[in-house]
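The structure appears right after this line, and notes come after that.
This one's a predicted model, so the numbers in the text were calculated from it and none came from an experiment. Below, read A as the first sequence line, B as the second, and so on, with proteins coming before strands; counting in each chain starts at 1.
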Amino acid sequence: MNCREVAELLLEYVGGELAPDAHTRLELHLEKCPPCAHFTASYRLTVTLTRRLPRAELSPEAAARLRAALEAAQRGV
Amino acid sequence: MNEPETKPTMPTPEEVFRAHAPRVYNLARRMLGNDADAEDVTQDVLLQVVRKLHTFRGDASLPTWLHRVTVNAALAHRQKRARRAEHEIHDPLERFVGDGHHAHPVHPWSIAPDEALQRRETAELIGQAIDHLPEVYRDVYVLADVEGLSNAEIAELLDLGVAAVKSRLHRGRLLMRNALAPHFEEVAS
């Protein structure tokens, strides 16, 4: 398995979906290839950072406009 | 004696806003990449909520319905506006040389996620990297890694096969990793 093949399999690898044989070969490659070990760790970190990203927040002005639109809709305006 | 019929009480605009606006806006904002479009879509979705919420009272499918309505509204909004020219999309797997090795040095990242995300600039950096993903990858990336939906749920929402969802998600993640790497890699001493 070469570095490109490792990169191609990372979705399944970090998702725990890789077939046992491919999983073993990929981990053997990671043990002897620091760039791929770093690449894999940073791929995982990218997912972690995105999952913990705070919500995008409405500005107070946008929130006020939305509240006004909802009130108008309920009044049937 | 018959129980008097109780009419379901309509939620107030404020209740609708508080219960749904933050989540709807976040999904729309991450998919569309700008505040104004996300506000338009949020308004569209919240008005649909006001009109149809009574049909979902106590129904566990409300989150699923909200995802569907928001995704559809975001995709429709994107189609309506003048299509922005997207830069040529480079396959992130092209960053390997002919024999399969990395074409560029790869360094470890020096970042602790929880600590890093408390800094406003880090969260903005990641948000901007999502904004810059090509739309074809961004939709899947946002639904999977921001919203936490399964590949099967995304396939249904976007009318794609699961294999296409996985391929787009993987490329989206690789593009995100490559965009963030210059900011988070340890500087070689």
| said: Applying a strict under-4.5 Å side-chain criterion to I, L, V, M, F, W and Y, I'd like to know whether B:M31 and B:V136 cluster together. | reply: yes

| Using the benzene-type ring in the case of Trp, are the ring centres of B:H170 and A:Y43 under 6.0 Å apart? | yes

| said: For the CG atom of B:D40 and the CZ atom of A:R65, what is their distance to the nearest 0.5 Å? | reply: 9.0 Å

| field | Within-4.5 Å side-chain heavy-atom neighbours: B:W109 and A:R44 | value | no

| task | Decide yes or no for A:N2 and B:D99: does some side-chain heavy atom of the first lie under 4.5 Å from some side-chain heavy atom of the second? | result | no

| remark: If one checks every heavy atom of A:V6 against chain B at 4.5 Å, the contacting part turns out to be neither

| Joint hydrophobic cluster, A:V47 plus B:L27, side-chain heavy atoms closer than 4.5 Å | no

| NE2 on B:H20 to CG on A:L70, rounded to 0.5 Å | 10.5 Å

| query | So which part of B:R173 gets closer than 4.5 Å to some heavy atom of chain A, the side chain, the backbone, both or neither? | reply | both

| said: Could you measure the distance from the CD atom of A:E8 to the CG atom of B:L93? Nearest 0.5 Å is fine. | reply: 5.5 Å

| said: Closer than 4.0 angstrom, basic N to acidic O: yes or no for B:E147 and A:R51? | reply: no

| task | Measure distances from B:I111 to the heavy atoms of chain A and classify the residue's part below 4.5 Å as side chain, backbone, both or neither. | result | both

| field | Within 6.0 angstrom of B:E115 CD, more than 12 heavy atoms from elsewhere | value | no

| request: Examine whether an atom of B:R30 lies under 4.5 Å from a heavy atom of chain A, and if so say whether it belongs to the side chain, the backbone or both; otherwise answer neither. | output: side chain

| said: Looking only at heavy atoms and a cut-off of under 4.5 Å, which of B:H101, B:R29, B:K166 has the most pairs with chain A? | reply: B:K166

| task | Find the distance between CD1 (B:I126) and CG (A:L49) and round it off to the nearest 0.5 Å. | result | 4.5 Å

| Out of A:A37, A:A62, A:C33, A:G15, which one racks up the most heavy-atom pairs below 4.5 Å with chain B? | A:A62

| task | Of all the heavy-atom pairs spanning B:G100 and A:C3, show the shortest one and how long it is. | result | O-CB, 3.0 Å

| message | Within the structure provided, determine whether A:L45 and B:P113 are in side-chain contact (heavy-atom separation under 4.5 Å). | response | yes

| request: Would you check if A:R4 and B:H102 make a side-chain contact, meaning some heavy-atom pair closer than 4.5 Å? | output: no

| same_hphob_cluster(B:Y137, B:V162) at 4.5 Å side-chain heavy-atom cutoff | no

| message | Can you tell me how the ring of A:F39 sits relative to the ring of B:F96, calling it parallel under 30°, perpendicular over 60° and tilted otherwise? | response | perpendicular

| message | Quick check against the 3.5 Å criterion: does B:D145 have a side-chain atom that pairs as donor or acceptor with the backbone of A:T50? | response | no

| field | Side chain to side chain, B:L174 and A:T46, heavy atoms closer than 4.5 Å | value | no

| message | Quick check: do A:L66 and B:Y25 have side-chain heavy atoms less than 4.5 Å from each other? | response | no

| Among B:D114, B:V146, B:V142, residue most engaged with chain A (heavy-atom pairs, under 4.5 Å) | B:D114

| task | Assess whether atom CG of B:D91 is packed by more than 12 heavy atoms of other residues, nucleotides or ligands within 6.0 Å. | result | yes

| field | Heavy-atom closest contact (B:A21 atom, A:L58 atom, distance) | value | CB-CD1, 4.2 Å

| query | Relative to chain B, which of A:P34, A:A63, A:S59, A:A41 shows the most heavy atom pairs under 4.5 Å? | reply | A:A63

| note | Answer key: most heavy-atom pairs under 4.5 Å with chain A among B:D35, B:L180, B:L46 is B:L46

| query | Any side-chain heavy-atom pair from A:H38 and B:H107 closer than 4.5 angstrom? | reply | no

| request: Quick one: closest heavy-atom pair of A:A73 and B:L47, and the distance? | output: CB-CD2, 3.4 Å

| note | Applying a strict 4.5 Å limit to non-hydrogen atoms, the region of A:E17 in contact with chain B is side chain

| note | Scored by heavy-atom pairs under 4.5 Å with chain B, the best of A:E57, A:E5, A:M1 is A:E57

